[in-house]
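Quick notes on the structure that follows.
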Amino acid sequence: MPELPEVETVRRGLEPALVGRRIAAVDQRRPDLRIPFPAGFSTLVAGRRVERIGRRAKYLLFGLDGGLVLICHLGMSGRMTIRPRGDNRPPDPHDHVVFTTDEGLRVVFNDRRRFGLMTLARAGEESSHPLLAALAPDPLDPAFTAGRLSGRLAGKATPVKAALLDQKVVGGVGNIYACEALHRAGLSPRRLARNVAGRRCGRLVPALVDVLTEAIAAGGSSLRDHRRTSGELGYFQHSFRVYGREGEPCPTPGCSGAVRRIAQSNRSTFFCGRCQR
DNA sequence: ACGAGAACCTGTTTGC
DNA sequence: TGCAAACAGGTTCTCG
């Protein structure tokens, strides 16, 4: 489900509910997600105040008092939803962790496919945590520039679409926004990464920045799993130019091509073979 | 060392 | 209608 805009939407939804609040109780309902929970997870988290909620690529980082950071990834199907005090719906079988705040509202982590994860790090050491250490800056990070991207694409013999999905090349981008950014940049997803430099890389950077910024403003894209913390859908899926639009006319003004779908490294790629070179 | 493909897990959609 | 195959927004491991 979640790429950068969806994770950022969740982060912004959680902030007002959690920052400054104390986590009164943690109900960890299974021993593992994609990886096991750390030993003593619920005990370590319970009782702490949430000082800040950050994001690194697709990871949420909850800064807790006492120098602890809760690292969370939503995987493909993870959701974080807020249930107001008094909402006593019984837990769904895929509700894996329930946090209750000192105000009595609950934050529920639900993940049907269990590709998500939660773990802990000491404050100040989270960026060197094995999960985060190799992540490239994301396109909304000031450290992300055409020069830096070009350097990370240089020499790569893989198609640029696959390179954009590599979190060591660009942080936060997934299958949807890779397709959308390449269309906006007029670049073929099949072009080798090493051949995207100079002017082509110069087009790709604003394409990434713009599509991610617009998607965040729309609350992300809800295809099947993504929900805002309120439970509402995002609506950027209505603004897709190519993703999921196989057979439709290319939306580029003056282009007479049609959107095609191909498989690249076992993922669907949507693009226009006419205006994307 | 790099890149392609499979694997992880569950649910939904598509095709015969 | 029913069942099997394909597919889904991510990451990581294995193999060549």
Side-chain angles (χ1 to χ4, degrees), chain A residues 1-11 29-36 55-60 71-80 92-96 109-119 129-136 138 152-182 189-195 208 211-212 214-216 218-228 233-247 261-270:
Chain A
M1 145 201 138
E3 305 182 34
L4 186 155
E6 291 73 39
V7 178
E8 179 62 19
T9 296
V10 170
R11 192 194 69 77
R29 307 178 62 80
R30 54 174 298 127
D32 55 35
L33 294 169
R34 196 182 86 211
I35 62 175
R55 179 185 56 73
R56 181 91 171 78
K58 300 171 193 169
Y59 288 89
L60 290 167
I71 300 172
C72 175
H73 196 291
L74 301 177
M76 288 278 261
S77 56
R79 296 177 183 175
M80 284 272 198
D92 173 278
H94 301 298
D95 288 348
H96 303 311
F109 177 76
N110 177 291
D111 183 6
R112 290 184 307 181
R113 293 179 72 181
R114 268 184 279 129
F115 289 158
L117 66 85
M118 281 192 198
T119 193
H129 188 283
L131 290 167
L132 308 183
L135 293 175
D138 70 56
R152 292 176 194 275
L153 296 174
K156 284 196 152 301
T158 198
V160 61
K161 158 73 177 344
L164 291 178
L165 296 182
D166 182 346
Q167 302 298 296
K168 296 188 291 300
V169 175
V170 185
V173 172
N175 205 39
I176 292 176
Y177 299 105
C179 293
E180 292 294 312
L182 287 168
R190 297 190 282 203
R191 175 177 288 280
L192 296 190
R194 65 185 179 212
N195 295 329
L208 285 163
V211 74
L212 296 174
E214 291 171 28
I216 291 169
S221 304
S222 292
L223 290 183
R224 18 168 74 76
D225 292 315
H226 170 60
R227 292 288 125 80
R228 310 181 62 137
L233 303 175
Y235 54 88
F236 192 71
Q237 65 278 12
H238 303 300
S239 300
F240 291 167
R241 299 186 188 178
V242 290
Y243 190 87
R245 298 194 180 281
E246 182 179 18
R261 177 165 85 137
I262 60 172
Q264 291 183 292
S265 43
N266 283 330
R267 318 292 303 277
S268 287
T269 296
F270 297 89

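In what follows, chains carry the letters A, B, and so on, assigned in the order in which the sequence lines appear, proteins first and then strands, with residues in each chain numbered from 1.
- A residue-by-residue look at A:Pro130 and A:Arg261 shows that A:Arg261 has its nearest nucleotide of DNA chain C further toward the 5' end.
- Distance, A:Ile35 CD1 to C:dT11 C1': 11 Å, rounded to whole Å.
- Exactly one residue among A:Leu208, A:Val211, A:Asp138 makes a side-chain contact (heavy atoms from CB on, under 4.5 Å) with A:Val173. That residue is A:Leu208.
- Between the CG atom of A:Leu165 and the C1' atom of C:dT12 there is a distance of 14 Å, given to the nearest Å.
- The backbone N or O of A:Ala57 lies less than 3.5 Å from no partner atom in the side chain of A:Gln167, so there is not a single donor-acceptor pair.
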Checking side-chain contact (heavy atoms from CB on, under 4.5 Å) for the pair A:Leu165/A:Asn175: CA distance, chi angles, key distance, verdict? CA-CA 7 Å; A:Leu165 296 182; A:Asn175 205 39; 4.1 Å; yes

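- For the pair A:Gln264 (side chain) and A:Lys161 (backbone), a donor-acceptor distance under 3.5 Å is absent.
- Applying the side-chain contact (heavy atoms from CB on, under 4.5 Å) test between A:Leu153 and each of A:Leu192, A:Val169, A:Asp166 identifies A:Val169 as the sole match.
- Taking atom CG of residue A:Asn266 and atom C1' of nucleotide C:dT12, one finds them 14 Å apart after rounding to whole Å.
- Contacts of A:Leu131 with the nucleic acid, taken as non-hydrogen atoms under 4.0 Å apart, involve only primed sugar atoms and P, OP1 or OP2.
- One can place CG of A:Leu33 at 14 Å from P of C:dT12, the figure rounded to the nearest angstrom.
- Classification of the A:Phe109-A:His96 ring pair by plane angle, with boundaries at 30° and 60°, yields tilted.
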When Watson-Crick pairs (N1 to N3 and N6-O4 or O6-N4) and G-U wobble pairs (N1-O2 and O6-N3) count only below 3.5 Å on both distances, what is the dot-bracket string of DNA chain C, with | for other-strand pairs? .|||||||.|||||||

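- Of the possible polar contacts, none joining the A:Ser77 side chain to the A:Asp225 backbone as a donor-acceptor pair under 3.5 Å is found.
- Side-chain N or O atoms of A:Glu180 include none that pairs as donor or acceptor with a backbone N or O of A:Phe240 at under 3.5 Å.
- A gap of 14 Å separates the P atoms of B:dG5 and C:dC7, to the nearest Å.
- Residue A:Val10 comes nearest to A:Arg227 through the heavy atom pair CG2-O, 4.1 Å, listed as atom of the first residue, atom of the second, then distance.
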Just do the side-chain contact (heavy atoms from CB on, under 4.5 Å) check on A:Tyr177 and A:Leu4 with the steps written out, would you? CA-CA 9 Å; A:Tyr177 299 105; A:Leu4 186 155; over 6 Å; no

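- Comparing C:dT1 with B:dG11, their P atoms are spaced 23 Å from each other, to the whole Å.
- Only the C1' atoms considered, B:dA6 is 16 Å distant from C:dA6, to the nearest whole Å.
- Look at A:His73 and you'll find a side-chain N or O under 4.0 angstrom from OP1 or OP2 of C:dT11.
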Go through it in stages, so that I can follow the logic: the residues are A:Ser268 and A:Arg261, the test is side chain to side chain donor-acceptor pair (under 3.5 Å), and I'd like the CA-CA distance, side-chain angles, deciding distance and then a yes or no. CA-CA 6 Å; A:Ser268 287; A:Arg261 177 165 85 137; 2.9 Å; yes

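- Residue A:Asn175 is classed as a sugar-phosphate contact, given heavy-atom separations below 4.0 Å to backbone atoms only.
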Please write out each protein N/O paired with an N/O of nucleotides 8-12 of chain B under 3.5 Å, distance rounded to 0.1 Å.
residue	atom	partner	partner atom	Å
B:dC9	O3'	A:Arg114	NH2	2.9
B:dC9	O2	A:Arg113	NE	3.2
B:dC9	N3	A:Arg113	NH2	3.3
B:dT10	OP1	A:Arg114	NH2	2.1
B:dG11	OP1	A:His94	NE2	2.7
B:dG11	O3'	A:Arg112	NH1	3.2

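- In this structure, A:Arg56 atom CZ and C:dT11 atom P are separated by 13 Å, rounded to whole Å.
- The two residues A:Leu33 and A:Arg30 come nearest to each other via the heavy atoms CD2-CD, 4.4 Å.
- C:dT12 atom P lies 11 Å from atom NE2 of A:His129, rounded to whole Å.
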Any N/O pairs under 3.5 Å between the protein and nucleotides 2-4 of chain B? List them or say none.
residue	atom	partner	partner atom	Å
B:dG3	OP1	A:Ala157	N	2.8
B:dG3	OP2	A:Lys156	NZ	3.2
B:dA4	OP2	A:Thr158	OG1	2.9

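- In this structure, the CG atom of A:Leu4 is 11 Å from the P atom of C:dT11, given to the nearest Å.
- When the side-chain nitrogen and oxygen atoms of A:Arg267 are compared with OP1 and OP2 of B:dG5, none of them lie within a distance under 4.0 Å.
- Under 4.0 angstrom from either OP1 or OP2 of C:dG10 there lies no side-chain N or O belonging to A:Gln167.
- In this structure, CG of A:Asp166 is placed 15 Å from C1' of B:dG5, rounded to the nearest angstrom.
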